[in-house]
Amino acid sequence: MAMAMAILSFFLCLLITTAAADWNILNQRTKSGLKISLKNYCEGWRLNVELHNIQYFQVVPEECVSYIGKYVSSTQYRVDSERTIEECVVYLTKACALKGDGTDAWVFDIDDTLISTVPYYKKNQYGGKKLNLTDLEAWMSKANAPVLAHTLRLFNLLKARGVDIILISARRENIRSATIENLVQVGYHGWTNLILRSAEDEKKGVAKYKADARRRLVNEGYYIWGNVGDQYSSIVGSPNGRRTFKLPNPMYYVS
């Protein structure tokens with residue numbers, strides 16, 4: 001009996017090992033029979049992250065790390081991002097009947113919305129390595145994140161039109177000084193409020209924390225015309241603003 005069980009276990013292990021070895025993205029087909037390449041697979045994964053069909057992932061799939069790295073370093077990523085901001089400008093200039101009484105507001109996230117964390121993630125496999133918050137905050141504390149110039153243009157246009165700009169970030173209060181330093185040195189100044197996570201806020205998910213922050217703004221009398229972020233947790237929940245705009249970011253997921 002023991003010998004039979006040992007033989008059965010051996011063949012089960014062999015079967016599992018063989019099945020794993022046979023799996024190769026280059027040999028795969030969709031259920032409809034369409035043969036797919038690694039690029040097809042990774043582009044499908046990235047697109048479904050942006051569509052919010054893929055949620056709560058902790059790391060970029062290993063086979064797609066190189067593809068995601070090339071994307072966030074590419075002209076296509078810049079074009080995709082700039083198109084988002086162009087839509088914000090069209091909406092602002094064509095559809096926003098600003099009141100001009102001090103209650104007009106626009107909300108921005110910070111990371112990968114105003115400034116870029118791509119240099120940090122480049123050193124961490126473009127999201128292929130599980131996030132170490134301590135390490136990320138140490139990088140943020142250096143205040144060297146580069147500007148996202150397309151968003152800066154929108155930021156300055158809003159200022160010129162007298163809209164109060166509110167920054168709501170999942171960054172914690174312990175890096176407030178570094179955050180302000182980084183924003184100012186790349187050209188952002190004149191915002192109305194910078195809201196960062198307090199110790200109490202850390203007990204909440206990011207989506208709830210940000211929705212609660214927006215609710216306080218509305219209770220203070222603000223009308224939120226627009227809300228821009230790279231994560232769905234920045235733009236979901238009520239109130240979320242008259243219009244929301246999602247910038248591309250396939251490197252990480254914040255809930």
Side-chain angles (χ1 to χ4, degrees), residues 11-88 109-133 135-136 139 145-146 148-151 170 205-207 210 227-237 244-255:
F11 279 108
L12 282 173
C13 289
L14 181 62
L15 178 63
I16 292 170
T17 302
T18 302
D22 284 346
W23 195 94
N24 185 321
I25 188 61
L26 299 179
N27 297 330
Q28 300 308 300
R29 293 179 182 272
T30 64
K31 289 185 177 180
S32 65
L34 182 66
K35 185 172 176 59
I36 60 175
S37 67
L38 178 59
K39 181 179 180 181
N40 296 148
Y41 172 77
C42 293
E43 174 60 14
W45 184 88
R46 184 193 71 79
L47 179 61
N48 277 276
V49 167
E50 301 299 355
L51 292 172
H52 212 213
N53 294 329
I54 296 175
Q55 304 176 19
Y56 305 107
F57 65 92
Q58 294 189 348
V59 294
V60 171
E62 182 178 0
E63 61 269 27
C64 294
V65 166
S66 177
Y67 174 82
I68 295 302
K70 290 176 182 176
Y71 171 72
V72 297
S73 305
S74 70
T75 298
Q76 187 62 56
Y77 170 70
R78 293 193 294 274
V79 169
D80 292 346
S81 300
E82 289 184 8
R83 182 55 188 266
T84 302
I85 298 303
E86 286 173 8
E87 292 303 316
C88 292
D109 179 35
I110 292 179
D111 292 301
D112 298 299
T113 299
L114 301 182
I115 53 179
S116 175
T117 67
V118 170
Y120 171 80
Y121 280 94
K122 181 178 180 180
K123 297 179 180 179
N124 289 272
Q125 301 175 25
Y126 292 106
K129 181 179 178 182
K130 192 171 182 179
L131 177 65
N132 181 313
L133 181 58
D135 187 52
L136 175 60
W139 181 83
L148 291 172
H150 43 275
T151 316
V206 172
K210 291 196 171 187
N227 180 6
V228 183
D230 67 292
Q231 299 289 317
Y232 276 91
S233 53
S234 293
I235 60 177
V236 298
T244 60
F245 299 88
K246 166 79 168 60
L247 286 160
N249 184 355
M251 296 184 296
Y252 57 85
Y253 184 90
V254 177
S255 58

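Residue pairs meeting the salt bridge (charged side-chain N to carboxylate O under 4.0 Å, His left out) criterion with at least one member in residues 64-84, sequence neighbours excluded, are R83-E87. Residue pairs meeting the disulfide bond (SG atoms under 2.5 Å apart) criterion with at least one member in residues 43-86, sequence neighbours excluded: C42-C64.
With sequence neighbours excluded, the residues satisfying side-chain hydrogen bond (donor to acceptor under 3.5 Å, both in side chains) with T117 are D112. In this structure Y77 satisfies the ring pair (Phe, Tyr, Trp, His ring centres under 6.0 Å) test together with Y71, sequence neighbours excluded. For V254, the side-chain contact (heavy atoms from CB on, under 4.5 Å) partners two or more places apart in sequence, or in a different chain, are V206, Q231, S233, Y252. Scanning for side-chain hydrogen bond (donor to acceptor under 3.5 Å, both in side chains) contacts around N132 gives an empty result, with sequence neighbours left out.
The side chain to side chain donor-acceptor pair (under 3.5 Å) test with N249 is passed by exactly one of D109, T113, D230, D111: D230.
In this structure a side-chain-to-backbone donor-acceptor pair under 3.5 Å is missing from D135 to L131. The backbone N or O of S37 sits less than 3.5 Å from a side-chain atom of N40, completing a donor-acceptor pair.
Residues L148 and S81 are not in side-chain contact: their nearest non-hydrogen atoms beyond the backbone lie 4.5 Å or more apart. Side-chain contact between V60 and Y67 is absent, with no heavy atoms from C-beta onward closer than 4.5 Å. In this structure the side chain of H52 reaches within 4.5 angstrom of the side chain of Y253, judged on heavy atoms.
In this structure, the ring of W45 has its center less than 6.0 angstrom from the ring center of F57.
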